[in-house]
Trainee: 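Below is one structure. I have some questions about it.
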Amino acid sequence: MANEPLPPFSSSVRLKYVKLGYQYLVNHILTFILIPIIVGISIELARVGPDEILSLLRFLNDLDLIYVMSTLFLVIIVGTVYFMSRPRPVYLVDYACFRPKPNFRVPFSTFLEHARLVPQFDERTVRFQVKILERSGLGEETCLPPANHYIPPTCSMAAARSEAELVIFSAIDELLNKTGMRPKNIDILIVNCSLFSPTPSLSAMIVNKYKLRSNILSFNLSGMGCSAGLISLDLARDLLQAHGNSNALVVSTEIITPNYYLGKERAMLLPNCLFRMGAAAVLLSNCRRERSRAKYRLTHVVRTHKGADDAAYRCVFQEQDSEGLTGINLSKDLMAIAGDALKSNITTMGPLVLPASEQLLFLFSLIARKVFKAKWKPYIPDFRLAFEHFCIHAGGRAVIDELQKNLQLSDQHVEASRMALHRFGNTSSSSLWYELNYIESKGRMKKGDRVWMIGFGSGFKCNSAVWKCLKTIKTPVDGPWSTSIHRYPVDVPAVVKVL
Amino acid sequence: MEFLATLTTLLLLFSLLLICKYYYLKIHSHCYLIDYACFKPASDRQITTQTSGEIIERNKTLGLSEYKFLLKVIVNSGIGEETYGPRNIIEGREDSPTFDDAMLEMDEFLNVSVGDLFAKTKISPSDVDVLVLNISMFSPAPSLTSRIVQRHKMREDVKTYNLSGMGCSASLISVDLVRNIFKSGKKTLALVVTSESISPNWYSGNDKSMMLGNCLFRSGGCVMLLTNNPSMRARAKMSLKCLVRTHIGGNDDAYNCAIQKEDDVDRVGFHLSKGLPKAAVRAFAENLQHLAPKILPYRELALYMYRSIKQLIVKPKDASNSAMARINFKSGVDHFCLHTGGSAVIDAVGRALGLSKYDVEPARMTLHRWGNTSASSLWYVLGYMEAKRRLRKGDRVLMISFGAGFKCNSCLWEVNADLRDADVWEDCIKNYPPQTLVNPYLEKYGWVNEDTEETFNRAQRMEALRR
């Protein structure tokens, strides 16, 4: 993806106003056309005079009743069938994130001490992990599950199940309290957790705990990476199109307990440093009565799968190291592949969300380059015109930096992602919801705002979802940021010295 | 006057257009099975009675009662001599399965079956819009769906779903997922892959409830192509009429009756409790309650109502049990694909539905030839029926499966044309059904039912086995 901006002359003030004028003209073209038409009609009416209008009305009265009735009837039929065949809207009624308790905190000093005491780690491995942590963008309040606080960590299945119960049930409890939704009214349940998949599934665990109905449509997605939350949203949306008047509960989480890597392979130690405990529960609905209290409406979901390319497939790969220990190997060209996947994703997303002005500019630039062979740089559409807020998966500092550069976003646009990474760490598929909650907690979410959620995951996938805010969110917001929002934003230095 | 006439005509045309569009969408909510391909593992992966005995012998933690228990399970399982297992177990490494072993087992299935199906149907992988995979007990990152996308170079906008942990009834859950996506009306082609992973899930302890899984599960898998495109209807084998899912996980006993957990010494195994048959009955009954009205002809339903009302009036105490047996499912269904969970399961379901020996024969023979291949077992049973030329145009096939959670899922297919593709049954279908269903395990290990503690001598028995 070309990172260089347009040629320097665009920074001149005069051209900036020309650009603004052009955007205003193209995006409001319909208004500009309608105004002269309305003016013309009113002039015509004024000229004709009131008598002629009255005679027209009397003419209509003389017609047979049957004609008028049949016309009216047809209009009604047409209107009904038209409205019935439109896709159902998908509303986000509310969502809740897991709020980790302070006793699960892993400040840098704890991480260092812990790593030193684990018998399987030698000095070199410890220093490497600490070096990663110093540059990771994580803060001192990120949390790990109870099993990881043992020395060495107790990675049993029972411990993994109890972590799953802790994070998932507390998120769902909070969501059910907030929305007042009765468990029996949930029609669809989708759970995604990449690295822990017991039998019976986590979805069956939720059905058991909340006594959900026996004809529930439950699906348990696993192994799909950090963008699986958006995959679950896509599935929920498809299911809500097929079933009217339904409520869907989507639970996104990542269970850390069974995935602690105790080996020496460097690329596999990264997840130890970055992944943290988190979960989000989201209630979606297509019931019309929920519209009045729904926070957002889902407008688009675009999924891109680059698995056909071998390098992309192997860049996040679970495998065994030379000692037989299983871990997730992150390759060095992860950033390049992520950029490429993003480019494919926004190629599909662009035409759906960009205003006409940007699309035309992109089209002109494309025609000029291809047809007239002009030596211009490819025009990167300005996505800031399409969205007010951006939630970029907090995969790591490098991912956020790369996306900020590629999409030419300001620091405020990526603030939510950076601060979520700092406060909660990389919580995988639920990170997008922590970021959304940050934006709400800062009082920045207004009615009509559009939010773009972008997630990356193993495979290699880049998925994005677009939400439209239906009502202004008032502060203070009761959520995972309640106790810490007043301290944010913080300035995250490039390197935090631990040793 | 003319203005109104024109307006009326225009509106009429437009309304006709919209009504056509609405019906077009409704028609598109069909689900056709274009074709399916079951997996036949390599012949060096066969588990014979001899191999089974050796594998059990290798487990040094077993005492007499566990040993007897295991052999009794094998003897009564209904499994034959030609079932297949994963390589690491056959090579003696069942105690220490590696990640690569599990991946190899999956690769052997995926590399063969997916390509075979594309070749058989002459459809290109880049035409696939939706890919759903369900493998309960192995879920690597990136997912196995990504592995298929990578190998077959599928499109960037392919929708993949990797279901995991959903038990032995998950293949119908995958079909349900695809069916729901089809309802959107857009012409879609879906690839469904179903299998189970055995390599990493061997239980090497001595808890009896967890050893059952070792004895019963065998390697197998199936790949299917589904579509809602009416232009492909002519080449489709079957079309889906209805699908009913029942999940009784809300009941604690049902949830805990089939669960993966650690035993007393922290070895992971799949625990099957004594309450499993009861949970299965409950789930089955509830599923049938929802299924029967959808698949039975009105005459049968009316008769059932008449009989139950009569019974309630005449003998109000003897209610539901006999009433359920009185519904004749064969009035709305011609063939039954029963989940091959074990001979006890097949017998119980057969009795509940009032089925004859002919009706349960496909399930029994599949259990004998392939063992319990978990989610893909239904498709082997279907393959048997097809190989035996039982499936004629217009026939209705009912699939019933059970799984951990506890779930009971069922669906009804209608056959599109006379089917005659023997697929994986080709080389052995003429041997089925055998004149006598000789149980090779009974012959070899029948002594286990008579032996007592005092006379038990492990070394002597091993001698007997080796002869």
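By convention in this document, chain letters (A, B, ...) are assigned in the order of the sequence lines, proteins followed by strands, and residues within each chain are numbered from 1.
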Trainee: Decide yes or no for A/Met157 and B/Gln260: does some side-chain heavy atom of the first lie under 4.5 Å from some side-chain heavy atom of the second?
Mentor: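 With C-beta onward as the side chain, the pair touches.
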Trainee: Rounded to the nearest 0.5 Å, how far does OH of B/Tyr161 lie from OG of A/Ser232?
Mentor: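 Rounded to the nearest 0.5 Å, the OG-OH separation comes to 8.5 Å.
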Trainee: Using non-hydrogen atoms only, which part of A/Leu195 is less than 4.5 Å away from chain B: side chain, backbone, both, or neither?
Mentor: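 For A/Leu195, side-chain heavy atoms alone lie under 4.5 Å from chain B.
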Trainee: Taking every non-hydrogen pair under 4.5 Å, which of A/Gly459, A/Ala204, A/Gly324 racks up the most with chain B?
Mentor: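 If we count pairs closer than 4.5 Å to chain B, A/Ala204 comes out on top.
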Trainee: Are side-chain heavy atoms of B/Asn180 and A/Leu217 found at a separation under 4.5 Å?
Mentor: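 Side-chain contact under 4.5 Å: yes.
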Trainee: Without swapping roles, check the side chain of B/Gln150 against the backbone of A/Ala308 for a donor-acceptor pair under 3.5 Å.
Mentor: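 Judged by distance alone, no pair lies under 3.5 Å.
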Trainee: Inspect the contact between A/Asp310 and B/Lys153 and indicate whether a charged nitrogen and a carboxylate oxygen are less than 4.0 angstrom apart.
Mentor: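 Yes.
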Trainee: Checking A/Asn345 against chain B: side chain, backbone, both or neither under 4.5 Å from a heavy atom?
Mentor: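 Interface part for A/Asn345: neither.
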Trainee: Heavy-atom pairs under 4.5 Å with chain B - which of A/Val302, A/Asp234, A/Ile206 has more of them than the others?
Mentor: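 Most heavy-atom pairs under 4.5 Å with chain B: A/Asp234.
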Trainee: Salt bridge check: are A/Arg303 and B/Asp157 linked by an N-O gap of less than 4.0 Å?
Mentor: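 B/Asp157 and A/Arg303: not salt-bridged.
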Trainee: What part of A/Thr304 gets closer than 4.5 Å to chain B, counting heavy atoms only: side chain, backbone, both or neither?
Mentor: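 Contact with chain B is through both the backbone and side chain of A/Thr304.
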Trainee: Does any pair with a residue in residues 211-224 of chain A pass salt bridge (charged side-chain N to carboxylate O under 4.0 Å, His left out), and if so which ones, sequence neighbours excluded?
Mentor: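 Qualifying pairs, neighbours excluded: A/Asp187-A/Arg213, A/Lys211-B/Asp252.
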Trainee: Closer than 3.5 angstrom, by distance alone: can the side chain of B/Asn162 be matched with the main-chain N or O of A/Gly223 as a donor-acceptor pair?
Mentor: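 Judged by distance alone, no pair lies under 3.5 Å.
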Trainee: Heavy-atom distance under 4.5 Å to chain A: side chain of B/Phe270, backbone, both or neither?
Mentor: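 Just the side chain, heavy atoms under 4.5 Å.
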Trainee: At a heavy-atom separation under 4.5 Å, does B/Asp266 approach chain A through its side chain, its backbone, both, or neither?
Mentor: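 Contact with chain A is absent: no heavy atom of B/Asp266 under 4.5 Å.
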Trainee: Under 4.5 Å, counting heavy-atom pairs only, tell me which of B/Thr246, B/Asn134, B/Val244, B/Asn251 racks up the most with chain A.
Mentor: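 If we count pairs closer than 4.5 Å to chain A, B/Thr246 comes out on top.
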Trainee: Once rounded to the nearest 0.5 Å, what's the spacing between atom CG of A/Asn220 and atom OG of B/Ser164?
Mentor: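 With rounding to 0.5 Å, CG (A/Asn220) is 6.5 Å from OG (B/Ser164).
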Trainee: Does A/Asn208 use its side chain to pair, donor to acceptor, with the backbone of B/Gly249 at less than 3.5 Å?
Mentor: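 Flag set: sc A/Asn208 to bb B/Gly249 pair under 3.5 Å.
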Trainee: For B/Glu156, which atoms come within 4.5 Å of any heavy atom of chain A: side chain, backbone, both, or neither?
Mentor: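 Its backbone and side chain both get close to chain A.
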Trainee: Quick check for you: among B/Lys159, B/Arg151, B/Arg179, which has the greatest number of heavy-atom pairs under 4.5 Å with chain A?
Mentor: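 Result: the option with the highest number of such pairs is B/Lys159.
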Trainee: Contact part of A/Leu202 toward chain B, heavy-atom cut-off under 4.5 Å: side chain, backbone, both or neither?
Mentor: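 Contact with chain B: none, neither part.
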Trainee: Is there side-chain contact between A/Phe219 and B/Asp176, with heavy atoms separated by less than 4.5 Å?
Mentor: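 Counting from C-beta outward, A/Phe219 and B/Asp176 do come under 4.5 Å.
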Trainee: First locate atom CD1 of B/Ile248, then atom CG of A/Leu212, and finally report the distance between them rounded to the nearest 0.5 Å.
Mentor: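 Answer for the CD1-CG pair, B/Ile248 versus A/Leu212, is 14.0 Å.
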Trainee: May I ask you to list the residues in residues 137-147 of chain B that approach chain A closer than 4.5 angstrom, counting heavy atoms only, ordered by number?
Mentor: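 Answer by number: B/Met137, B/Ser139, B/Pro140, B/Ala141, B/Pro142, B/Ser143, B/Thr145, B/Ser146, B/Arg147.
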Trainee: Counting heavy-atom pairs closer than 4.5 Å to chain B, which one of A/Ser344, A/Gly225, A/Ser203, A/Ser194 comes out on top?
Mentor: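 Of the candidates given, the most pairs with chain B belong to A/Ser344.
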Trainee: Please state whether the side chain, the backbone, both or neither of A/Ser218 comes within less than 4.5 Å of a heavy atom of chain B.
Mentor: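 A/Ser218 touches chain B through backbone and side-chain heavy atoms alike.
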Trainee: Using a 4.5 Å cut-off on heavy atoms from C-beta on, say whether the side chain of B/Arg245 contacts that of A/Ser214.
Mentor: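 Of all side-chain heavy-atom pairs linking B/Arg245 with A/Ser214, none is under 4.5 Å.
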Trainee: Is B/Thr160 in contact with chain A via its backbone, its side chain, both, or neither, using a 4.5 Å heavy-atom distance?
Mentor: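 B/Thr160 touches chain A through backbone and side-chain heavy atoms alike.
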Trainee: Go through the atoms of A/Lys461 and report whether side chain, backbone, both or neither lie under 4.5 Å from a heavy atom of chain B.
Mentor: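 It is the side chain, since no backbone atom gets that close.
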Trainee: Go through it in stages, so that I can follow the logic: the residues are A/Thr199 and B/Ile259, the test is side chain to side chain contact (heavy atoms under 4.5 Å, CB included), and I'd like the CA-CA distance, side-chain angles, deciding distance and then a yes or no.
Mentor: CA-CA 6 Å; A/Thr199 305; B/Ile259 187 165; over 6 Å; no
Trainee: Which heavy atom of B/Phe99 sits nearest a heavy atom of A/Gln320, and at what distance?
Mentor: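 That closest heavy-atom pairing would be N-OE1, 2.8 Å.
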Trainee: Just so I know, are the side chains of B/Leu177 and A/Leu235 near enough to count as touching, which here means a heavy-atom distance under 4.5 Å?
Mentor: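 With C-beta onward as the side chain, the pair touches.
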Trainee: Side chains of A/Asp238 and B/Ser184: closer than 4.5 Å at any heavy-atom pair?
Mentor: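 Of all side-chain heavy-atom pairs linking B/Ser184 with A/Asp238, none is under 4.5 Å.
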Trainee: Looking at every heavy atom in both B/Tyr255 and A/Pro200, which two are closest together, and how far apart are they?
Mentor: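 Heavy atoms only, the tightest pair is CE1-CG, 3.7 Å.
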